[in-house]
**Student:** 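Sharing a structure, written as structure tokens. Questions coming.
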Amino acid sequence: MAWQLHYTSARRGPTGRSGFQFVAETPGLPDGMRARVTPHLSYRPPPEAPLSPADDELDQFPVSLLYDRVDGRPLLLRCRYLGRDYSGRYGNFFAHAVVAEPDELEGVRPVELWHAPLWSDSPASETDLPEVDELVPDEGLDPESLAAWLASGDGGDAYERLARIVDAVVAVLGRGHGRVVLVSSDIEAVARWIAVVSYSLPVAVASALSFVTYSADPDGAPQRLVGTTPDVWASAQRTSPAVLLERPVQGEDEAGRFARTVAACWRDADFAGLDALAELASSGSGMSPDAPDPAVLDRAAGLLALCRGEHGVPEDEEAGAADLLTRHGTAIPDWVWGDLVRGVPSMGYDLALAVHRWADAAGASEVARQCAARALSQAPDLTSVVRLAVDGTSRGDIVAAASGRARSGASDLPGAFAECPAGYREALLEGVLNGLLVADEPTRKAALTDAACDLLHDEMFESGTLGAFDAPLVAADVLASVGRRVPERRVAVTGRVLGLGLSVVELDPVLSAVWEDPPDAVTCLELVAAHPEGCAEHPALGVLPSRTFMRIAAGYGGLTEASTLRLAERVRTMLPGGAADADAAIVRAHADAVTSEKPVDAARALDALPRAGRLATRAFESAAERLERRGPAFRAELLAAASPTARARLGVQWTGGPGARRRRGSDGERRDELVEVVLRLRARGVREPALEEWARGAASRFLAARHLESRFASDPELRAALKALLDDARRG
């Protein structure tokens with residue numbers, strides 16, 4: 001079904017107001033549809049039209065028929081100038097809109113409704129309009145009538161003009177923006193040209209071709225094909241490509257293959273050719289109707305020429321036709337094969353290859369095999385090799401061809417393997433490995449894409465198909481790629497890398513690639529447990545525990561987790577004496593510092609942390625943060641037991657000095673606790689100059705001093721220590 005809307009300037013509309021508005025519509029109009037249609041409702045007369053036309057002059061004003069889509073539904077909108085409105089002012093127009101369901105226009109080009117009987121010339125007297133059950137086209141715009149009109153026009157110029165219009169429209173549709181402007185004082189002619197273009201395109205593309213037969217703002221119209229008059233165009237900005245329909249065709253550039261073929265079909269009234277061209281362009285191409293690929297249309301035209309036995313088809317057009325067949329062979333109409341198979345022996349490689357794939361279905365399997373044998377040695381890539389692997393093809397020929405392609409850097413192994421007949425897959429892989437073994441390193445690495453490495457890994461190590469094939473350098477590259485991208489496989493991949501029999505110098509770059517990202521503690525523990533000798537012998541593995549500890553320490557939260565401590569213990573047992581052992585000791589010292597119940601034990605652990613090194617620095621900062629959560633009494637005893645160096649470093653962290661990571665709690669709470677720590681430390685006879693300087697400054701403020709005095713009111717010792725601290729501050 002389709003809904004109708006009438007729009008004009010009325011004295012009193014359905015809502016009681018005056019002015020331009022919807023005055024009638026079909027009940028049940030979809031929600032929001034008025035708002036979607038409204039932006040399209042406009043009409044401005046051409047500049048040279050009478051300003052105050054009499055009633056008998058209104059028919060001279062151009063009629064605007066617009067086609068577009070709103071919310072996925074076809075919109076047809078016809079605007080006619082009415083002259084004066086209810087108040088006597090000029091500028092009134094009547095718009096009749098039809099909004100249809102998507103399938104209502106099936107088999108109908110929208111422009112066929114140019115003079116359809118459904119259109120009204122004036123608004124209805126009632127506010128409710130009936131549904132439109134069927135969109136009946138205008139009989140005057142059928143292909144036969146249009147072909148006769150073209151033939152009776154300006155001679156051969158009409159077909160050259162047609163080719164240029166079609167070429168321009170296809171370009172605009174292909175890039176998805178812009179418009180082509182048709183300029184004529186006869187809007188009837190504009191409608192006919194739009195109709196010819198619509199019949200020239202595949203049905204889906206024609207249904208997506210928005211147009212308007214007349215616009216007073218052609219450069220601002222959102223439609224792809226826009227009609228206008230010469231006086232409008234004379235005053236327009238002219239930023240869009242335009243075809244002046246009343247002037248001789250100009251321009252030296254030749255139209256594309258598709259456009260030329262279309263023009264030839266119209267010249268010969270060859271409607272079957274237009275249908276065949278549309279069928280070839282649409283069959284399985286995946287072409288978007290809203291943005292058709294001009295290249296696909298040109299390939300379809302080239303293929304049609306080959307099917308019709310046209311001589312002298314250029315090499316690039318033959319290659320384009322071959323590409324169309326190669327991509328969409330299963331969807332190509334059956335009649336194509338009967339025409340093409342007969343010419344296989346004289347075709348070039350690309351086209352012969354494309355026909356070869358489907359030749360059996362056309363009853364020419366012997367020709368296909370001959371073509372395969374001839375083309376196999378010239379195959380440009382691995383996919384081409386396997387497409388030629390039909391029954392009777394020598395396994396040795398497949399191995400040799402695949403080896404040559406791999407040696408030259410062919411990187412299409414996954415696609416070729418997927419297409420390869422099962423009986424030839426092993427030959428394909430054997431040839432690829434042979435070629436990669438003798439290829440130079442840059443070529444080999446370029447051919448071993450991630451997808452290719454996944455495939456070879458499965459075949460070499462999982463399925464065992466190529467398990468006995470000796471290709472350690474290729475295997476190393478494959479394992480490096482898989483291990484780098486699949487973390488859960490890294491431990492197993494490492495074992496396979498170590499088993500390749502290559503030297504440390506050859507393997508360490510591979511292992512570094514596998515472990516480019518440091519593992520978590522659980523994975524690193526698994527690695528050390530599974531390959532202790534490899535971790536000891538290969539620097540790329542031996543450094544992993546240190547990298548793991550640093551990764552954990554960077555978050556300040558996981559150094560005391562059970563998995564981290566288990567890794568540290570395993571490293572100290574299995575990799576003693578190295579950098580990883582030293583870092584494991586730092587992890588252990590950090591854990592002892594933050595978990596010890598006795599301050600003296602925590603102090604001893606802190607003193608065991610080196611001052612230099614990123615991990616040691618992070619571990620100390622983490623320990624300081626955790627220890628800051630302990631009570632003032634514990635912290636004072638800790639500071640008293642710690643070395644002067646550790647005491648000073650803790651003071652920097654707790655006071656928020658340079659290099660401190662963060663503060664805990666509110667400023668007041670933190671201040672009071674830390675002042676208490678300093679007071680307890682003084683009571684023990686231990687002085688830390690930086691801490692005391694901070695405490696004097698923090699406690700000497702009036703409100704802070706009053707608050708601290710209240711805090712320590714019940715503790716004579718701390719109250720006396722606070723008084724001494726404040727006296728020091730006043731004297732200082």
Side-chain angles (χ1 to χ4, degrees), residues 553 556-562 564-565 585-611 616-657 659-699 704 707-725:
Y556 292 92
L559 285 175
T560 57
E561 289 184 358
T564 306
L565 297 178
I586 291 173
V587 172
R588 183 68 260 174
H590 169 274
D592 292 342
V594 301
T595 60
S596 294
E597 294 299 324
K598 296 180 179 181
V600 65
D601 293 336
R604 188 180 302 111
L606 284 176
D607 287 335
L609 289 173
R611 294 193 61 186
T617 300
R618 294 281 193 180
F620 189 91
E621 292 171 354
S622 174
E625 178 189 336
R626 297 278 293 273
L627 290 169
E628 191 179 8
R629 303 171 188 173
R630 300 291 188 99
F634 184 96
R635 292 162 65 188
E637 189 175 345
L638 168 65
L639 288 173
S643 67
T645 298
R647 189 183 308 134
R649 293 177 71 189
L650 283 173
V652 170
Q653 292 298 317
W654 290 347
T655 60
R661 180 170 180 262
R662 69 175 183 175
R663 299 183 177 186
R664 180 183 64 85
S666 66
D667 288 344
E669 176 191 6
R670 181 182 170 281
R671 177 200 63 204
D672 293 350
E673 288 186 357
L674 193 51
V675 167
E676 182 177 343
V677 170
V678 173
L679 296 180
R680 289 182 180 277
L681 198 61
R682 285 168 64 102
R684 288 174 169 273
V686 179
R687 312 289 286 267
E688 165 51 40
L691 266 177
E692 291 210 3
E693 180 181 355
W694 175 87
R696 285 194 296 271
H707 185 72
L708 289 167
E709 288 171 356
S710 175
R711 177 185 177 96
F712 304 135
S714 61
D715 191 325
E717 183 179 6
L718 291 178
R719 190 170 65 251
L722 174 63
K723 184 178 182 304
L725 181 70

**Student:** Measure the CG-CZ distance between Leu725 and Arg696 for me, rounded to the nearest 0.5 Å.
**Tutor:** 6.5 Å

**Student:** Is there side-chain contact between His590 and Thr560, with at least one heavy-atom pair below 4.5 Å?
**Tutor:** yes

**Student:** How far apart are the closest heavy atoms of Ala698 and Val675, and which atoms are they?
**Tutor:** CB-CG2, 4.4 Å

**Student:** Looking only at heavy atoms, what is the nearest atom pair of Ser596 and Ala602, with distance?
**Tutor:** CB-N, 3.7 Å

**Student:** So, are Asp592 and Arg588 salt-bridged, with charged N and O less than 4.0 Å apart?
**Tutor:** yes

**Student:** Report yes or no: does Arg647 contribute a side-chain atom to a donor-acceptor pair with the main-chain N or O of Ala642 at less than 3.5 Å?
**Tutor:** yes

**Student:** Would you give the length of the straight line joining atom CZ of Phe620 to atom CD1 of Ile586, rounded to the nearest 0.5 angstrom?
**Tutor:** 13.0 Å

**Student:** Looking only at heavy atoms, which two atoms of Leu650 and Ala624 are closest? And how far apart?
**Tutor:** CD2-CB, 3.8 Å

**Student:** Are Asp601 and Arg604 ion-paired here, with the side-chain N under 4.0 Å from a carboxylate O?
**Tutor:** yes

**Student:** Kindly give the heavy-atom pair with the smallest separation between Phe634 and Lys598, and that separation in Å.
**Tutor:** CE1-C, 3.9 Å

**Student:** Would a 4.5 Å heavy-atom cut-off, applied to side chains only, mark Leu639 and Arg635 as touching?
**Tutor:** no

**Student:** Quick one: pull up CG in Leu609 and CZ in Arg618 and give me the separation to the nearest 0.5 Å.
**Tutor:** 14.5 Å

**Student:** By the definition side-chain contact (heavy atoms from CB on, under 4.5 Å), identify the one residue from Arg684, Arg682, Glu676 that meets it with Arg680.
**Tutor:** Glu676

**Student:** So do the side chains of Arg687 and Glu692 get within less than 4.5 Å of each other, counting heavy atoms only?
**Tutor:** yes

**Student:** Considering non-hydrogen atoms only, spot the tightest contact between Ala640 and Leu681 and give its length.
**Tutor:** N-CD1, 3.7 Å

**Student:** Got a sec: does the CD of Glu717 have more than 12 other heavy atoms crowding it under 6.0 Å?
**Tutor:** no

**Student:** Are any non-hydrogen side-chain atoms of Arg711 and Glu673 less than 4.5 angstrom apart?
**Tutor:** yes

**Student:** Is it the case that atom CD in Glu693 sees more than 12 heavy atoms from other parts of the structure closer than 6.0 Å?
**Tutor:** no

**Student:** Between Ser643 (side chain only) and Asp607 (backbone N and O only), is there a donor and an acceptor less than 3.5 Å apart?
**Tutor:** no

**Student:** Check whether any side-chain heavy atom of Arg611 lies under 4.5 Å from a side-chain heavy atom of Thr645, and answer yes or no.
**Tutor:** yes

**Student:** Less than 4.5 Å apart, any side-chain heavy atom of Val594 and any of Leu559?
**Tutor:** no

**Student:** Please give me the minimum heavy-atom distance between Leu679 and Leu718, naming the atom from each residue.
**Tutor:** CD1-O, 3.8 Å

